[in-house]
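In what follows, residues are counted from 1 in the order of the sequence shown.
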Amino acid sequence: MRRAVSMGLTALLAFSLAACGNQTGGQTETSTNAAKPSEQAQTVKLGLTQFVEHPALDAIHQGILDGLKASGYEEGKNLEVDYQNAHGDMNNTVSIAQKYAGDQKDLVVAIATPSAQAAAKAITDKPVVFSAVTDPLSAQLVSSLEKPDGNVTGTSDKVSMEQQLQLIKKFLPNLKKLGVIYTTSEVNSEVQVKDLEAAASKEGVEIVKAGISQLSEVQLAASGLTAKSDALFIPIDNTVVSSFEAVLGAAEQSKIPVFASDTDTVKRGAVATYGIDYYGMGKQTGEMAAKVLKGQAVADTPVEISKQAELYINETAAEKFGLTVSEELKQQAKEIIK
């Protein structure tokens, strides 16, 4: 009897252990399946550095976050964003980049050339994606646009200076002298001025330059140029654009029209531009960053340059400077600001 009971208990124990084994196996399998979404939802540490605040760069900033979100990386969920603004100070760009390097960010996004240069120099073991860099080659961020050979890629906001000059001449057919304010320490600005000078030489237009080194010099440079120019032109220069109201004040006082390279500056009071959609560029940059985060090699992520520039006209600004907007230009314009 005892032997029978003992054998029964042994069989029952064996059955129980087998059942537990199956249950444990089921839990292990379930745990393994759950780990996949857990890994995908792991928080990504992103460094987002911006050279200075102005509407164009701010639009890029928002576009980047929206592009990342559309690609599955949302701040507050699986994306931790460390945003730092250099406030137009070159030394700050270096400090921010070094901080990101020390923090071991998963990826750094740099808005504007100075911030991109600082990030590329400080961070060599993590991907760096730039936005709003006019000439990535001259800025020595990449050696090839088609196949970046380091850890850096991004988007460029380069526009045609020939096209900009032709636009200005449609408003001012007798243009002889065009004043340009630019920051001498910004590579992107120097490249644009050289391109503009090359275009102007073909049209018999003299480029009158005023180079600045800091924000406080913008107003004085603008006042000086209005006395010896038929019009002023603002390239994609972060320092000058961030202080555009100072340029506009001097221009309005002297009745010298101002033209720009970016659409947001036209909305702020410049007459016209062939410009790109900076929010769209930011979103494009965010989507590019997401591809890299998902495993795409930087070398397989070419630098993207906006191919299409749209015409933006500020009709109120044109009237203020005594200029007429032709029907031809009105028909071509993507947007006319009243």
Practice item. Looking only at non-hydrogen atoms, find the nearest pair between Lys338 and Thr316 and report the distance. Key: C-OG1, 2.7 Å

Practice item. Please say whether more than 12 non-hydrogen atoms of neighbouring residues, nucleotides or ligands are located less than 6.0 Å from CD in Gln253. Key: no

Practice item. Return the minimal non-hydrogen interatomic distance between Ala289 and Leu68, and the atom names on each side. Key: CB-CD2, 4.1 Å

Check your understanding: How about Thr273 and Gln164: does a side-chain donor come under 3.5 Å of a side-chain acceptor?
Key -> yes

**Study point:** Shared hydrophobic cluster, Val191 / Leu196 (ILVMFWY, side-chain heavy atoms < 4.5 Å)
**Key:** no

Point to revise | Close side-chain approach of Asp195 and Lys158, heavy atoms under 4.5 Å | key: yes

**Study point:** Least distance between heavy atoms, Ser156 atom then Thr134 atom
**Key:** OG-O, 2.9 Å

Check your understanding: Taking atom CD of Gln62 and atom CG of Leu57, what is their separation to the nearest 0.5 Å?
Key -> 13.5 Å

Review point. Can we say Lys45 and Glu80 salt-bridge, meaning some charged N sits less than 4.0 Å from an Asp/Glu carboxylate O?
Key: no

**Study point:** Euclidean distance, Ile111 CD1 relative to Asp157 CG, rounded to 0.5 Å
**Key:** 11.5 Å

Check your understanding: Within the distance-only criterion (no hydrogens, no angle test), does the side chain of Asp237 pair as donor or acceptor with the backbone N or O of Tyr182 below 3.5 angstrom?
Key -> no

**Study point:** Intermediate values then yes/no, side-chain contact (heavy atoms from CB on, under 4.5 Å), Ser71 and Lys291
**Key:** CA-CA 8 Å; Ser71 302; Lys291 289 177 184 177; over 6 Å; no

Study note, to complete from the structure: Between Gln163 and Ala309, the two heavy atoms sitting closest are OE1-CB, 4.0 Å

Point to revise | Within-4.5 Å side-chain heavy-atom neighbours: Glu304 and Glu287 | key: no

**Study point:** Partners meeting side-chain hydrogen bond (donor to acceptor under 3.5 Å, both in side chains) with Asp82 (sequence neighbours left out)
**Key:** Gln84, Lys99, Lys105

Practice item. Give every residue pair that meets the ring pair (Phe, Tyr, Trp, His ring centres under 6.0 Å) criterion with at least one member in residues 296-322, sequence neighbours excluded. Key: none

Exercise for review: Could I get the full list of ring-ring contact (aromatic ring centres under 6.0 Å, His included) partners for Phe171, not counting sequence neighbours?
Suggested key: Phe259

Check your understanding: Does any N or O in the side chain of Asn151 come within less than 3.5 Å of the main-chain N or O of Lys126, such that one atom is a donor and the other an acceptor?
Key -> yes

Revision key, fill the gap. From the list Ile234, Val271, Asn314, Ile181, side-chain contact (heavy atoms from CB on, under 4.5 Å) partner of Val258 resolves to Ile234

Exercise for review: Identify, with sequence neighbours excluded, every residue that meets salt bridge (Lys or Arg N to Asp or Glu O under 4.0 Å) alongside Glu327.
Suggested key: Lys330

**Study point:** Hydrophobic cluster identity match, Tyr73 and Val128, side-chain contacts under 4.5 Å
**Key:** no

Review point. Taking atom CD1 of Ile336 and atom CG of Leu311, what is their separation to the nearest 0.5 Å?
Key: 8.0 Å

Check your understanding: Are Ile96 and Val152 linked, directly or through other ILVMFWY residues, by side chains that come within less than 4.5 angstrom of each other?
Key -> yes

Review point. Yes or no on side-chain contact (heavy atoms from CB on, under 4.5 Å) for Tyr278 and Asp58, after CA distance, side-chain angles and deciding distance?
Key: CA-CA 9 Å; Tyr278 276 90; Asp58 293 344; over 6 Å; no

Exercise for review: Grab the two heavy atoms, one from Met288 and one from Pro302, that are nearest each other, plus how far apart they are.
Suggested key: CE-O, 3.7 Å

Exercise for review: Report yes if some heavy atom in the side chain of Arg268 is under 4.5 Å from a heavy atom in the side chain of Val241; otherwise report no.
Suggested key: yes

Exercise for review: Hey, could you give me the NE2/CD distance between His87 and Glu53, rounded to the nearest 0.5 Å?
Suggested key: 6.0 Å

**Study point:** Closest non-hydrogen atom pair, Ala231 against Leu175
**Key:** CB-CD1, 4.3 Å

Exercise for review: Would you check if the side chain of Gln117 reaches a backbone N or O of Ala139 as a donor-acceptor pair within less than 3.5 Å?
Suggested key: yes

Practice item. Rounded to the nearest 0.5 Å, what's the gap from OG on Ser131 to CG on Leu48? Could you check? Key: 10.0 Å

Point to revise | Check: Ala297 main-chain N/O paired with Thr301 side-chain donor or acceptor under 3.5 Å | key: yes

Check your understanding: Rounded to the nearest 0.5 Å, what separation is found between the CG atom of Leu293 and the CD atom of Gln296?
Key -> 11.0 Å

Exercise for review: Tell me whether Val193 is reachable from Val205 by hopping between hydrophobic residues (I, L, V, M, F, W, Y) whose side-chain heavy atoms are closer than 4.5 Å.
Suggested key: yes

Review point. Less than 4.5 Å apart, any side-chain heavy atom of Gln166 and any of Glu162?
Key: no

Review point. Any side-chain heavy atom of Glu186 sitting closer than 4.5 Å to one from Met90?
Key: yes

Exercise for review: Return yes if a side-chain donor-acceptor contact under 3.5 Å exists between Ser115 and Thr93, otherwise no.
Suggested key: no

Practice item. Evaluate the side-chain contact (heavy atoms from CB on, under 4.5 Å) criterion for residues Val247 and Val240: first the C-alpha distance (whole Å), next the side-chain angles of each, then the deciding distance (0.1 Å), finally the verdict. Key: CA-CA 8 Å; Val247 177; Val240 180; 4.2 Å; yes

Check your understanding: Are any of the side-chain heavy atoms of Thr239 and Val52 separated by less than 4.5 Å?
Key -> no

Check your understanding: Side-chain contact, heavy-atom cut-off 4.5 Å: Phe51 with Thr113?
Key -> no

Check your understanding: If you measure only the distance, is there a donor-acceptor pair under 3.5 Å linking the side chains of Asn78 and Thr43?
Key -> no

Review point. Got a sec, which pairs hit side chain to side chain donor-acceptor pair (under 3.5 Å) with one end in residues 219-228, sequence neighbours left out?
Key: Thr226-Ser254

Review point. Do Val180 and Pro235 come close enough that some side-chain heavy atom pair is under 4.5 Å?
Key: yes

Exercise for review: Report, as yes or no, whether the 6.0 Å neighbourhood of atom CD on Gln140 holds more than 12 heavy atoms from other residues, nucleotides or ligands.
Suggested key: no

Review point. Regarding Gln192 and Asp135, is there a side-chain donor-to-acceptor distance under 3.5 Å anywhere?
Key: no

Exercise for review: For the pair Thr285 and Thr155, evaluate side-chain hydrogen bond (donor to acceptor under 3.5 Å, both in side chains) and give the outcome as yes or no after the intermediate values.
Suggested key: CA-CA 6 Å; Thr285 307; Thr155 57; 2.8 Å; yes

**Study point:** Verdict with reasoning, His61 to Tyr83, per ring pair (Phe, Tyr, Trp, His ring centres under 6.0 Å)
**Key:** CA-CA 10 Å; His61 180 161; Tyr83 169 65; 4.4 Å; yes

Point to revise | With sequence neighbours excluded, residues passing side-chain hydrogen bond (donor to acceptor under 3.5 Å, both in side chains) with Tyr100 | key: none

Point to revise | Leu329 reachable from Val266 in the ILVMFWY side-chain graph, under 4.5 Å edges | key: no

